[in-house]
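Working notes for the structure below.
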Amino acid sequence: MESGKADNSLNLAISLPEAERVSSAALSTGYDAATNRWELIVKYNGDLKKLAELLGFEAVLLINYYAIVTIAQEKIEEFLLQPEIEFAEKPNRLYFELEDSAAASCLPVYVRETNQFMLTGKGVLIGIVDSGIDYAHPDFRNTDGTTRIELYWDQSAGQIYTREEINRALRAGSVSERLSIVPATDISGHGTAVAGIAAGNGRASGGRYRGVAYESDLMVVKLGNSVGNSFPRTTNLMTAMDFLVREAAARHMPIAINLSFGNNYGAHDGTSLLEQYLNEVSNFGRNCIIVGTGNEGAARGHTEGNLSEGARMEEFLVGVGERSLTLQLWKNFADEFRIELVAPNGDRELIQEGSGSVRPGQVREAVLDTTKVAIYYGEPKPYSVNQEIYFAFLPMAGMITGGSWRLILTPIRIISGEYRLWLPGSEAVAKETGFLRGTPETTLTIPSTAASVISVGAYDSGTGSYAYFSGRGFAVGTKQNKPDLVAPGVDILTAAPGGGYSLKTGTSMAAPFVTGAAALMMQWGIVEGNDTYLYGEKVKAFLRRGAGKLAGFREYPNPQIGWGTLCVASSLPN
């Protein structure tokens, strides 16, 4: 394949079929070894269906000329050379972000004595893209026992269940009979917890543990498994978003969509196809997209530095038990570095452009100690000046070599000098895995870095303090502040599978507070006719303006809590 014809990460995986067979998780690709097929995110023009018939691949067409393509490996080179294909990227794995809150968020229910607002979310849809939902939980049912769920798409089963089908299941005489009608479940409980905060009506607690927009109807997407892997991927997310905004528009209803997951793979600058797609889809119909910023703040999965003053050494520890690991180095393409990777036993590998050892777009392999390392020396993309140097660590003896690894960076020709490094962070298996000099800055997970989404960090409303784990900004290379605001995310009591409640912590639980708040604001504006344009960036603007202050912070916005803490009553237009 010619250099520059496809995305860096796409080149890496396609050039390393052997490494892919060793550990598809390490390369984070959508490859199915059994069928030799790939799943790709594609930006295209023209008639992709006609091209699909010609080359024999499958395509799911999304809004604004994006698509998810599943194609045989031997067809990829020809596919990427077609004039209809503007760019292609691999999908990446998604990770759920778990680790008196309503009153702290000054929801309208707590200011009813003023009789100023009486908002419940009625007439606004809440979209939950997550691990599913316990649709039998009382908090997602009306007083007559019928469901509040309009649609439930179980991607893993390839099945969409309607309100009528769910109601039929709820009338079943036993659990087994119910599941024979609608077999969708939520094994992890993550999606049920998120939905409970955003929209649970508290029926299982007599109204005590009620969510924010407790009269909103729900549309739920249970993220499915992607090609060749058991983890949901960014492709699953994109098709889910396409489904939700189209269904909401068909019903002429506003929708607030909650995304409580993310990953560390990418430049964190808002330029990936996923981030660009979210920006595009935010302009379809009347919607708000709310994303948690992740729990990487204290995970030691990120570090950064500048070579303008000389060489730097970055040390990272690999704990016992790691079977797959990736390391990303992102820098400005104008800068030239000499890069040396040193294993715990002293084995070394030099990577230097122009020295004959590597050139942009090239993949190479090295064996250091008992670990094979696949190294991709990237090049800029059509939409980004950043360059990625990607390391995939693949075990040769069951596990990656544990201990202290080093990356020595020496400047050759420096214009900017800035560099940033990412490891899996909290996704790592071993607690010890991480940078010795980890920095909490720029620990937003993707896609909370997308410009048009409302990015939500977490704080502890019980103590009035910032949550140490919360991912923070800014987005790399931009003037755009992230997060936009923070919401309660520590020890949140919310719905759990089986009909009860449990305590949850993480930005996963902070985001749905804002999702519910957005639904309340759209009810006031769009449903009740006070402001038919109160959605998207306008909701974000009012949430920022109404945000409260948090002890210990003097300047706003700031990279930790953005414009401040969620306060719905202050955010509603006067």
Side-chain angles (χ1 to χ4, degrees), residues 100-111 114 116-117 119 121 197-198 211-213 256 258-260 282 288-294 297 444 448-475 478-490 492 506-525 531 534-574:
D100 309 310
S101 306
S105 301
C106 38
L107 301 176
V109 67
Y110 287 93
V111 293
T114 67
Q116 186 177 5
F117 301 112
L119 301 176
I197 295 169
V212 181
N258 190 90
L259 308 179
S260 284
S282 69
C288 291
I289 303 171
I290 295 87
V291 187
T293 61
L444 303 160
S448 70
T449 44
S452 295
V453 306
I454 301 173
S455 303
V456 183
Y459 81 105
D460 187 337
S461 58
T463 61
S465 60
Y466 178 61
Y468 69 93
F469 57 78
S470 184
R472 59 205 76 171
F474 300 89
T478 72
K479 298 295 183 182
Q480 182 171 337
N481 191 88
K482 294 285 185 177
D484 293 292
L485 72 167
V486 292
V490 178
I492 307 300
T507 61
S508 275
M509 303 304 128
F513 275 99
V514 178
T515 302
L520 299 185
M521 295 176 70
M522 288 193 286
Q523 178 193 354
W524 181 87
D531 184 347
L534 190 58
Y535 61 94
E537 290 289 278
K538 194 168 186 179
V539 167
K540 180 193 293 184
F542 277 106
L543 285 171
R544 286 175 170 182
R545 188 176 73 169
K549 308 303 181 187
L550 196 64
F553 295 93
R554 294 184 178 180
E555 295 185 7
Y556 293 86
N558 59 66
Q560 290 78 32
I561 67 170
W563 271 258
T565 61
L566 172 66
C567 183
V568 183
S570 298
S571 297
L572 284 159
N574 297 323

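Residue numbers start at 1 and run along the sequence shown. None of the values given here were measured: they were computed from a predicted structure.
- In this structure K538 satisfies the salt bridge (charged side-chain N to carboxylate O under 4.0 Å, His left out) test together with D531, sequence neighbours excluded.
- N258 contributes atom CG, which lies 8.5 Å from atom CD1 of I197 (distance to the nearest 0.5 angstrom).
- With rounding to the nearest 0.5 Å, the separation of CZ in F542 from CG in L534 is 6.5 Å.
- Here the closest heavy-atom approach between residue S260 and residue S508 is recorded as OG-O, 2.9 Å.
- Atom CG of L119 is separated from atom CG of L520 by 5.5 Å, given to the nearest 0.5 angstrom.
- With respect to S455, the side-chain contact (heavy atoms from CB on, under 4.5 Å) criterion is satisfied by exactly one of T507, I289, T293: T293.
- Among pairs with a residue in residues 539-563, those fulfilling side chain to side chain donor-acceptor pair (under 3.5 Å) read D484-R544, E537-K540, at least two apart in sequence or across chains.
- Note that CG of L550 is 4.5 Å distant from CD1 of I561, once rounded to the nearest 0.5 Å.
- Annotation for S571 and C567: closest pair OG-O, 2.9 Å, computed over non-hydrogen atoms.
- The two residues V514 and A487 have their closest heavy-atom pair at CG2-CB, 4.0 Å.
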* To do: Show your reasoning for whether side-chain contact (heavy atoms from CB on, under 4.5 Å) applies to K482 and V291.
  => CA-CA 11 Å; K482 294 285 185 177; V291 187; over 6 Å; no
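- In this structure, S448 OG and I454 CD1 are separated by 13.0 Å, a value rounded to the nearest 0.5 Å.
- The nearest pair of heavy atoms linking S470 to A458 is OG-N, 2.9 Å.
- Considering all non-hydrogen atoms of both residues, P483 and L444 come closest at N-CD2, 4.3 Å.
- Considering all non-hydrogen atoms of both residues, Y468 and R472 come closest at O-NH2, 2.8 Å.
- How far CG of L566 is from OH of Y459: 7.5 Å, rounded to the nearest 0.5 Å.
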* Go through the steps to decide whether F553 and T565 satisfy the test side-chain contact (heavy atoms from CB on, under 4.5 Å), and finish with yes or no. => CA-CA 11 Å; F553 295 93; T565 61; over 6 Å; no
